[in-house]
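Throughout, protein chains are lettered first and strands after them, A, B, ... in sequence-line order, and every chain is numbered starting at 1. In what follows, every heavy atom counts, from backbone to side chain, and hydrogens, waters and symmetry copies are set aside. Values in this document were obtained by computation on a predicted structure and should not be read as measured data.
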Amino acid sequence: MSVVFNFKNHISELFAQALREVASDQTGVTILIERPKQASHGDYACNLAMQLARPMKKSPRDIAQALIAALPKSDVIEKVEIAGAGFINLFLSKAAKQAIVHAVLHAGAGYGHLHLGAGRRVQVEFVSANPTGPLHVGHGRGAAVGDCLCNVLHAAGWNVTREFYYNDAGAQIDNLTRSVQLRCKGVTPDDPSWPEAGYRGDYIADVARAYLAKETIEADDQRTTGSGDVEDLVSIRHFAVAYLRREQDLDLRAFNVEFDVFSLESALYTEGKVEDTVNRLIASGHTYEQEGALWLRTTDFGDDKDRVMRKTDGGYTYFVPDVAYHLEKWRRGFVRVINEQGADHHSTITRVRAGLQALDVGIPKGWPDYVLHQMVTVLKNGEEVKISKRAGSYVTLRDLIDEVGCDATRYFLAARHPDSQLVFDIDLAKSRSNDNPVYYIQYAHARISTVLETWGGERQALLQADFGLLDSEFEIALLQQLIDYPQVIESAAQDLAPHLVAFYLKELAAAFHSYYNASRFLVDDEQVRCARLALIAATAQVMSNGLALLGVSAPEKM
RNA sequence: GUGCCCAUAGCUCAACCGGAUAGAGCACCAGCCUUCUAAGCUGGGGGUUACAGGUUCGAUUCCUGUUGGGCACACCA
């Protein structure tokens with residue numbers, strides 16, 4: 001029998017053939033294959049007949065009848081039925097489902113890897129925090145969602161570059177410099193002379209202390225030593241930025257997030273990229289001078305008002321280097337770019353896209369893509385937490401990792417749709433009980449590991465098991481979950497929705513726990529034992545693959 | 001005031017680009033450990049999908065309006 005693992009695609013192709021035969025003039029219709037909610041509706045369903053009813057001016061059930069008659073034979077399909085208003089329900093053969101176990105064990109960590117991206121290059125920019133303080137919960141959500149998205153895209157066959165953009169130029173860095181200088185001089189944030197825009201967190205005092213002690217900061221690419229000179233603003237500035245970059249790097253490392261490329265806003269200035277972009281925009285004819293400032297007519301590209309590019313004091317506004325940066329991304333050959341950001345920055349989207357369109361260098365209209373995540377609020381003892389000792393006014397990512405651990409933090413921050421606001425309940429994330437989905441999933445993995453260890457046999461032997469013995473309701477349910485995994489990766493990659501992986505893993509774990517409670521694995525019958533162990537070994541493999549996408553560990557013991 | 005996001009069980013959230021009887025977990029009630037991990041499982045009650053219209057074979061999903069919540073509306077980043 002032929003081996004099929006992507007049943008949705010397979011069935012879709014069968015219907016495409018049937019469609020050509022039944023209605024050759026309707027081949028433009030998209031064929032949608034879905035998984036019915038109810039088991040009695042089969043394993044897969046197709047609504048093609050109902051879609052065709054209007055254009056063909058025939059009843060859906062008649063069309064369904066004709067489609068089924070024209071459907072090419074496939075040995076993975078056992079039964080086809082017409083139901084309801086004209087649904088075509090398909091039932092897979094047991095053998096087709098059982099074959100998935102061998103496929104998973106054979107592919108191992110590669111199970112779930114797709115070719116959707118076909119090796120094309122995609123760049124994902126995320127976190128991109130200003131080097132003016134420690135990373136907070138919001139950055140954590142960006143890190144978790146962005147990193148998981150990268151993992152998902154990689155699994156879907158894309159060549160992914162992870163990038164972090166440092167806004168190390170501009171007014172906020174001047175504020176940082178001044179704040180550190182004041183701390184060096186012994187001025188504290190509660191002093192009346194402390195500037196309104198100054199940074200107040202305790203970490204500023206740490207930076208000042210290190211600067212005065214002439215410490216050397218080692219970042220991945222450079223070393224910076226504080227001069228200790230309180231009046232040397234240039235030195236303070238370099239030192240403070242280096243110090244905080246190092247802090248953020250440590251936070252990210254503790255969160256198991258790594259970047260391929262760090263881009264510096266300051267470099268766009270020193271390398272003349274900003275100036276070049278301005279000149280190109282002027283040449284494009286979309287700019288004008290008014291009241292001593294240079295404006296970009298972003299209203300030509302859908303903005304509700306024009307934006308200042310160059311202020312009367314000669315400095316550029318923030319979006320100008322941002323446009324220059326994105327022009328660089330384009331030139332570096334990224335046909336696809338995804339920016340993961342907090343929703344509070346959503347207003348930049350229109351401006352950046354407008355700037356890129358004004359440049360008229362062939363960049364598509366909706367480029368780049370954006371994934372925006374909504375705000376995170378942190379809950380502890382049922383009350384909202386707002387203050388961190390370290391940062392002053394917000395909860396840091398480090399606080400969360402220290403308190404609830406990396407696994408739970410990553411899971412909770414990535415497990416919600418980015419579009420909805422997130423409540424991070426510290427007590428829930430810490431709880432070692434069945435309320436906590438992280439432990440629920442990891443526990444399933446640990447249970448399987450223990451069974452396999454107790455068994456102590458050779459894993460390779462499981463490939464030879466008689467999978468035909470797997471036909472209890474629990475086994476069939478688990479098989480179906482394993483079959484669904486690649487489809488989840490596909491949806492998550494296409495919708496840029498990494499949270500789907502988290503939901504899937506909960507369902508997979510649930511199917512396993514039910515199975516675990518209903519049956520024993522280390523039974524006397526060798527054939528049965530091997531078949532069951534093969535199934536749970538495959539389950540553990542898919543769990544491990546999925547958890548890896550989330551950046552959550554798959555423990556052998558708990 | 002304008003723009004973007006959101007609104008689903010008491011609580012936290014799903015629902016595969018418009019499908020069939022809207023699903024999980026928690027909480028509540030009743031059960032399951034002489035056995036490979038009870039951090040688990042089984043069963044039960046719980047819904048006018050914020051509200052009002054519209055589009056069509058069919059709407060939680062798309063459109064319009066209303067209400068409520070969040071964010072953004074600088075010659076800031």
Side-chain angles (χ1 to χ4, degrees), chain A residues 8 30 32-38 40-41 45 47 50-51 53-54 59-60 83-87 89 130 132 167 169-173 175 197 265 290-295 303-305 307-319 321-322 342-350 372-375 377 379 415-423 425 428 431-440 442-444 446-455 484 487-488 490-491 494-495 497 499-500 503 506-507 509-510 512-523 533 536 557-558:
Chain A
K8 239 181 191 180
T30 52
L32 202 65
I33 306 298
E34 53 184 18
R35 303 254 359 250
K37 289 167 189 155
Q38 265 186 274
S40 64
H41 292 151
N47 66 353
M50 287 181 297
Q51 286 186 66
R54 180 186 284 267
S59 91
F87 290 100
N89 294 337
N130 293 343
T132 54
N167 297 122
Q172 83 282 5
I173 298 297
N175 284 331
E265 183 187 9
Q290 188 178 308
E291 295 165 11
L294 180 67
W295 297 68
D303 206 351
D304 55 348
K305 51 186 158 189
R307 306 291 170 176
V308 170
M309 294 170 55
R310 190 169 57 217
K311 300 178 281 184
T312 42
D313 69 5
Y316 294 112
T317 55
Y318 170 75
F319 91 96
D322 217 4
D344 53 341
H345 287 76
H346 76 257
S347 62
T348 64
I349 297 176
T350 326
L372 301 179
H373 64 260
Q374 298 289 324
M375 275 191 56
T377 47
L379 219 59
R416 295 274 172 275
H417 191 111
D419 270 349
S420 44
Q421 291 168 36
L422 170 62
V423 178
D425 187 335
L428 175 62
S431 78
R432 310 197 138 209
S433 71
N434 46 2
D435 339 0
N436 191 335
V438 186
Y439 287 104
Y440 184 79
Q442 292 184 320
Y443 185 48
R447 272 181 148 180
I448 296 173
S449 300
T450 304
V451 174
L452 291 173
E453 202 188 322
T454 308
W455 169 59
D484 283 344
Q487 191 62 50
V488 171
E490 183 177 335
S491 298
Q494 274 173 355
D495 300 348
H499 72 284
L500 294 175
F503 277 97
K506 258 202 303 193
E507 284 172 21
F512 166 74
H513 284 308
S514 291
Y515 181 38
Y516 183 95
N517 268 75
S519 40
R520 293 194 57 74
F521 309 107
L522 302 176
V523 292
L533 289 174
I536 64 171
K557 278 193 167 48
M558 285 176 75

Set of salt bridge (Lys or Arg N to Asp or Glu O under 4.0 Å) partners for A/R307, sequence neighbours left out: A/D303, A/D304
Test salt bridge (Lys or Arg N to Asp or Glu O under 4.0 Å) applied to A/E453 - qualifying residues, sequence neighbours left out: A/K557
Starting at CG of A/N89 and ending at P of B/U21, how long is that distance when rounded to a whole Å? 13 Å
For a quick check, tell me whether the side chain of A/R520 and the base of B/U35 share a donor-acceptor pair closer than 3.5 Å. yes
Listed partners of A/H499 passing side-chain hydrogen bond (donor to acceptor under 3.5 Å, both in side chains), at least two apart: none
Taking only residues two or more places apart in sequence or in another chain, which ones pass side-chain hydrogen bond (donor to acceptor under 3.5 Å, both in side chains) with A/Y316? A/E275
Where does the angle between the aromatic ring planes of A/F512 and A/F521 fall among parallel (under 30°), tilted (30 to 60°) and perpendicular (over 60°)? parallel
Picking from B/A38, B/C41, B/C17, the nucleotide nearest the side-chain atoms of A/S514 would be B/C41
Heavy-atom closest contact (A/L372 atom, A/G342 atom, distance): CD2-O, 4.1 Å
Over all atoms of both residues, closest heavy-atom pair of A/E265 and A/N167: OE1-CA, 3.2 Å
Any stacking of A/F87 on B/A20, going by centres under 5.5 angstrom and planes within less than 30 degrees? yes
Between B/A27 and B/C63 - C1' atom distance, rounded Å: 39 Å
Taking a pair as Watson-Crick (N1 to N3 plus N6-O4 or O6-N4) or G-U wobble (N1-O2 and O6-N3), both under 3.5 Å, which stems of 3 or more consecutive pairs involve RNA chain B? B:1-7 with B:67-73, B:10-13 with B:23-26, B:28-32 with B:40-44, B:50-54 with B:62-66
One character per nucleotide, please: for nucleotides 70-77 of chain B, 5' to 3', B when the base has a protein heavy atom closer than 4.0 Å, S when only the sugar-phosphate does, - otherwise. SBSS-BSB
